[in-house]
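To keep things clear, I will list the structure first and then write my remarks on it.
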Amino acid sequence: MFTVLSGGTGTPKLLRGFKDSEDLAVVVNTAEDIYASGNKITPDIDSVIYTIAGVIDDEKWWGIRGDTFNTYNALKAMGHYEELMIGDKDRATHIIRTELLRYGSTLTEATLELCDEFEIKTRVLPMSEEDVTTVVSTPEGDMHFQDFWITFRGEPEVKDVRLLGALKPTDEVMDVLGMSENIIIGPSNPITSIGPILALEGVRDALQVKFVVAVSPFIGDRPISGPAAKLMKAKGFEPSTRGVAECYKDIVDVFIMDKRDNTDLSRYDFEVDKFDTLMTNAEKSKALADFVLSKCV
Ligand code: GDP
Ligand code: FO1
């Protein structure tokens, strides 16, 4: 079996190219989770499940394709404004998850139940049962990642990024990491998506003895999308492919960067390979996923 570490956009694009299988586990960041109108939203988990189930909105890379927003609009008309624009079908997922949690399920059990509902075989696992939150420090004050990204549109200067909460992985996460010979770090944000997973007690150590293949979410000094550059800079990393390599240099065995990327990584002792990493359609996701698998032992 093999395990993929994932956030909510770059790695789901890669997962679109893998076969849904019991032999695949995906450990997902939960540090961007948030409550909205009483329901627990786990955006990265939902994007992973929707992608593997083939229902993701692959223009926005969140929510369900073709969803309606009747409840969101009805709430707004009644003066109840939700920060995240939640689709009606997407909200059904949040309601089921929240009910399962209310009746005593763990987040892992609730997530696996949702995998069944969406008829996927892949084991999608939250990184932790603890509430872990990414807090972004800005001149406007400290804020939840979603406030920074949605309400403030990622515009404020970022002074620091930190994690609040107990950094404890689940037993299921440690089990799949232990059982997998290969671990794939998808092209997700190294600070706010992969960073929280690697920060969990024992995870980085567990990866030292594994064969780790990572894909860069940057081409040279530009991320394909999102706030990765700003956040890396705030954490003292060069906002570039080289900075991503620095984040993973102690654990990675094969580092894949884009074929157009001229970054010189020859001073590192891991293998560096080039491929077309821009996954603008399902065929390109499949080609990159096949390439990643060809590098696994
Ligand atoms: P988030 O949870 O929505 O922040 O998503 P992730 O952390 O999973 O993904 C965000 C990262 O994905 C960004 O840093 C992007 O540069 C990267 N990304 C998005 N699309 C692609 C793509 O097609 N190829 C690669 N290599 N990276 C991508
Ligand atoms: N991102 C937005 O920029 N605007 C939204 O209204 C929005 C709604 C939303 C609803 C459900 C969901 O699972 C994700 C949603 N996202 C939205 C994405 C989300 O804010 C972040 O991009 C992810 O948390 C990053 O991983």
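Numbering of ligands and ligand atoms starts at 1, following listing order.
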For atom 20 (N) of ligand 1, the protein heavy atom that lies nearest, with its residue and separation: K13 NZ, 2.9 Å

Identify the protein heavy atom lying closest to atom 26 (N) of ligand 1, giving its residue, its atom name and the separation to 0.1 Å. S216 O, 3.0 Å

Among all the protein's non-hydrogen atoms, which is closest to atom 22 (C) of ligand 1, and how far away is it? T277 O, 3.6 Å

Please report the shortest heavy-atom distance between M174 and P169, naming the atom on each side. SD-CG, 3.7 Å

Any heavy atom of K284 sitting closer than 4.0 Å to ligand 1? no

What protein heavy atom sits nearest atom 19 (C) of ligand 1, and how far away is it? S225 OG, 3.5 Å

To check your reading of the model: name the closest protein heavy atom to atom 3 (O) of ligand 1, its residue, and the distance in Å. T9 OG1, 2.7 Å

Any chance you could measure F2, atom CZ, to L177, atom CG, to the nearest 0.5 Å? 13.5 Å

For ligand 1 and T192, I'd like to know whether there is a polar contact (N/O to N/O, distance under 3.5 Å). no

Option among D90, D46, D33 that satisfies the salt bridge (Lys or Arg N to Asp or Glu O under 4.0 Å) test with R97: D46

Under 4.0 Å, heavy atoms only, figure out whether ligand 1 is touched by the backbone of N29, its side chain, both or neither. neither

Which ligand 1 atoms are under 4.0 Å away from a heavy-atom of P223? 16 (O)

Checking S193 against S188: is there a side-chain donor and acceptor pair closer than 3.5 Å? no

In plain terms, say whether E172 and R123 are close enough for a salt bridge, that is, a side-chain N and a carboxylate O under 4.0 Å apart. no

Test side chain to side chain contact (heavy atoms under 4.5 Å, CB included), reference V124, set L24, V48, V27, output is V48

Quick one: which of A228, S285, G8, S47 has a heavy atom closest to atom 1 (P) of ligand 1? G8

At under 4.0 Å between heavy atoms, what of M279 touches ligand 1? The answer is both

How close do A166 and S128 get, counting heavy atoms only, and between which atoms? O-OG, 4.3 Å

What about G10: any of its N or O atoms under 3.5 Å from an N or O on ligand 1? yes

May I ask you to decide if the ring planes of Y72 and F69 are parallel, tilted or perpendicular, using 30° and 60° as cut-offs? perpendicular

In short, T151 meets E83 closest at the heavy-atom pair OG1-OE2, 2.5 Å

Short list, please: which atoms of ligand 1 are under 4.0 Å from a heavy atom of E32? 2 (O)

If we number the atoms of ligand 1 from 1 as shown, the ones under 4.0 Å from a heavy atom of G7 are 2 (O), 8 (O)

Once you round to the nearest 0.5 Å, how far does CG of D131 lie from CD1 of I34? 11.5 Å

Where do P126 and V173 come nearest, in terms of heavy atoms and distance? O-CG2, 3.4 Å

Identity of the nearest option to atom 4 (O) of ligand 1, non-hydrogen atoms only, from S193, G186, S6, S188: S193

Can you see whether E129 engages T108 through a side-chain donor-acceptor pair at a distance of less than 3.5 angstrom? yes

When distances are taken from atom 21 (C) of ligand 1, the protein heavy atom at minimum range is I224 CG2, 3.6 Å

One finds that the ligand 1 atoms under 4.0 Å from a non-hydrogen atom of L278 are 23 (O)

Tell me whether E283 is salt-bridged to K286, with the criterion being a basic N under 4.0 Å from an acidic carboxylate O. no

Kindly give the heavy-atom pair with the smallest separation between M257 and V272, and that separation in Å. CE-CG1, 4.1 Å

Atom 11 (C) of ligand 1: closest protein heavy atom, distance to 0.1 Å, is P187 O, 3.6 Å

Numbered in order shown, the ligand 1 atoms found under 4.0 Å of a heavy atom of D44 are 2 (O)

Go ahead and list the nitrogen or oxygen contacts between ligand 2 and the protein that come in under 3.5 Å, distances to 0.1 Å, or just say none.
| unit_1 | atom_1 | unit_2 | atom_2 | d |
| --- | --- | --- | --- | --- |
| ligand 2 | 1 (N) | W62 | NE1 | 3.3 |
| ligand 2 | 6 (O) | M85 | N | 2.9 |
| ligand 2 | 20 (O) | Q146 | OE1 | 2.6 |
| ligand 2 | 24 (O) | E32 | OE1 | 2.9 |
| ligand 2 | 24 (O) | Q146 | NE2 | 2.8 |
| ligand 2 | 26 (O) | E32 | OE1 | 2.4 |
| ligand 2 | 26 (O) | D44 | OD1 | 2.6 |

Closest heavy-atom pair, D261 versus K274, reported as atoms and distance to 0.1 Å, is O-NZ, 2.6 Å

Tell me which one of P43, P217, P227 gets a heavy atom nearest to atom 16 (O) of ligand 1. P217

Given T9, V244, T11, the one that forms side chain to side chain contact (heavy atoms under 4.5 Å, CB included) with P217: V244

